[in-house]
Amino acid sequence: MDEIEVPSFFVCPISLEIMKDPVVLSTGITYDRVSIEKWIFSRKNNTCPVTKQLLTDAELTPNHTLRRLIQAWCTLNASYGIQRIPTPRLPVSVSQISKLLKDSKTPKLQVRCLKRLKSIASENETNKRFMEAAGAANFLASIIIKAKRSSKDDVLEEDFGLTSKLEDEALSILYQLQLSETSLKSLIGENSEFVESMICFMESENYESRTYSILLLKSIFSVVDQVEMMTFRGELFKEIVHVLKDEISPKASKAALQLLINLCPVGRNRLKASEAGAVQVIVDFLLSHPSDRRFSELALTVLDLLCQCAEGRLELLKHGAGLSVVSKRILRVSRFASDRGVRIIHSIAKFSGSSSSVLQEMLQLGVVSKLCLVLQMDCGSKTKEKATEILKMHSRAWKNSPCLPMNLPS
């Protein structure tokens, strides 16, 4: 078969693939809808990829003329196996979504309306942004909160089944929207019960809902300020740890670790996480995932935060493999993991007395040898400074170690 030459103006300048739904930006450049939506919404860019101009708005205008030309070209080349692209459906308007949300307030129509909302959200990124603009996020959150209230009351079994179905559907759509920072903040700001509802989801036996709830909370806590993070009770930390322990999915486990990273810069939260058993679970997690770089980096970051409180350090030392698993990650995973590992050892060493059994354990486990290796490797100046400080701090206790340098660098 002869090679078919595609006219250059039929090709999207971002993806270099033939356009299926050409749209025009405010800068006058035409792109394929899926590609430019990914550029603007998923990658959070606010410039035109070709002209580099700042986008005053993200409105995408269908280029019907070019789409018809592409369809005609496909028809002319059908004998070469070229399939005609279908005429795309236009995104729904904000007013249409607003009407749908209004109709959804009628109990008998809620299931049908939620299914329609889910279908709309799955079509393209523009629909998701229109749904957000129409207030879909807070509407879906209100369904979830109302359903969780009902589950605590005495309701008929058939009504409970319908309520459960509604809240699972609403949670799925809410996660699918991939909300902006403003909408994520509003979920906590206007709905104080929303986090409590997410905790209930994490307690359920539905793994999909548990995953959606932990992913949604991860997004929310990446944008809220530290003052708001201080208000949550220990039950939240217990459920995050349970999600990590149950290993529902790699995505859920990473989200749980990231959520702890977002929460634990607050001192009070470090205590709550330690009391929830986070240190023990994370050490076990590191033992069962020895070769995963991203998991190791996230897990060591959480341990670094938790070891900044006495309870976290105690929990690490109580685990038989605590010091060993941290030491083994140094120089084996990445420079970032090495830095976090050395920081953890520094937190432990700083609060260990000169005659402490912990210092002897470090010597026996090869932690001291690993710190000496750090000084010789390309680990970054701050990491080396921490390692040097640890070795100087307890040089007397480790003076018989053959690996300890005679003259530690200053």
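A heavy-atom distance below 4.5 Å is found between the side chains of Leu391 and Leu371. Within the 4.5 Å cutoff, no side-chain heavy atoms of Phe336 are placed close to those of Leu300. A 4.5 Å side-chain heavy-atom check between Leu257 and Ile240 finds every atom pair outside the cut-off. Looking at heavy atoms from C-beta onward, Pro62 lies in side-chain contact with Arg33 at the 4.5 angstrom threshold.
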Pair Leu117-Leu100, side chain to side chain contact (heavy atoms under 4.5 Å, CB included): steps then yes or no: CA-CA 8 Å; Leu117 286 172; Leu100 188 58; 3.5 Å; yes
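Distance alone, capped at 3.5 Å, places no donor-acceptor pair between the Asp32 side chain and the Pro22 backbone. In this structure, the side chain of Asn46 does not engage the main chain of Leu55 through any donor-acceptor pair within 3.5 Å. Panel note: side chain Ser197, backbone Glu193; a donor-acceptor pair is recorded below 3.5 Å. Checking side-chain atoms of Glu37 against main-chain N and O of Val34 turns up no donor-acceptor pair under 3.5 Å. Ser324 contributes no side-chain N or O that, together with a main-chain N or O of Gly320, makes up a donor-acceptor pair within less than 3.5 Å. Checked by atom type and distance alone, the side chain of Trp398 never pairs as donor or acceptor with a backbone atom of Met362 at under 3.5 Å. The backbone N or O of Thr30 lies less than 3.5 Å from no partner atom in the side chain of Asn63, so there is not a single donor-acceptor pair. With hydrogens and angles ignored, the 3.5 Å screen pairs no side-chain donor or acceptor of Arg340 with any backbone N or O of Val302. Formation of a donor-acceptor pair under 3.5 Å by the Arg313 side chain with backbone atoms of Cys307 is found in this model. Between the side chain of Glu247 and the backbone N or O of Leu244 there is no donor-acceptor pair closer than 3.5 Å.
More than 12 non-hydrogen atoms from other residues, nucleotides or ligands lie less than 6.0 angstrom from CZ of Arg233. The neighbour count for Lys328 NZ, taken as heavy atoms of other residues, nucleotides or ligands under 6.0 Å away, does not exceed 12. Within a 6.0 Å radius of CD in Glu208, no more than 12 heavy atoms belonging to other residues, nucleotides or ligands are found.
Thr182 and Glu132 form no side-chain donor-acceptor contact under 3.5 Å, judged by distance and modelled atom types alone. A donor-acceptor pair shorter than 3.5 Å can be found between the side chains of Arg67 and His64. Side-chain N/O atoms of Ser122 and Gln176 include no donor and acceptor closer than 3.5 Å. No hydrogens or angles considered: nothing links the side chains of Thr27 and Gln53 as a donor-acceptor pair under 3.5 Å. In this model, a donor atom of one side chain and an acceptor atom of the other lie less than 3.5 Å apart for Ser93 and Ser95.
Sorted by first and then second residue, the pairs that involve residues 291-300 and meet salt bridge (charged side-chain N to carboxylate O under 4.0 Å, His left out), not counting sequence neighbours, are Arg293-Glu297, Arg294-Glu297. Identified under the salt bridge (charged side-chain N to carboxylate O under 4.0 Å, His left out) test for residues 115-125, with sequence neighbours left out: Arg89-Glu123, Lys118-Glu169, Glu125-Lys128, Glu125-Arg129. The stretch residues 362-375 participates, sequence neighbours left out, in no side chain to side chain donor-acceptor pair (under 3.5 Å) pair at all. For residues 375-384, the pairs satisfying side chain to side chain donor-acceptor pair (under 3.5 Å) are Asp339-Thr383, with sequence neighbours left out.
Aromatic pair Tyr207/Tyr212: ring centres not closer than 6.0 Å.
By the salt bridge (Lys or Arg N to Asp or Glu O under 4.0 Å) test, Arg210 pairs with Asp246, sequence neighbours left out.
Minimum heavy-atom separation, Leu260 to Leu305: O-CD1, 4.4 Å. Residues Ile390 and Ala349 share a closest heavy-atom pair of CG2-CB, 3.8 Å.
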Below 3.5 Å, can you tabulate the donor-acceptor pairs from side chains in residues 274-285 to any protein atom, sequence neighbours excluded?
residue : atom : partner : partner atom : Å
Ser274  : OG   : Arg270  : O            : 2.9
Gln280  : NE2  : Glu315  : O            : 2.9
Asp284  : OD1  : His319  : NE2          : 2.8

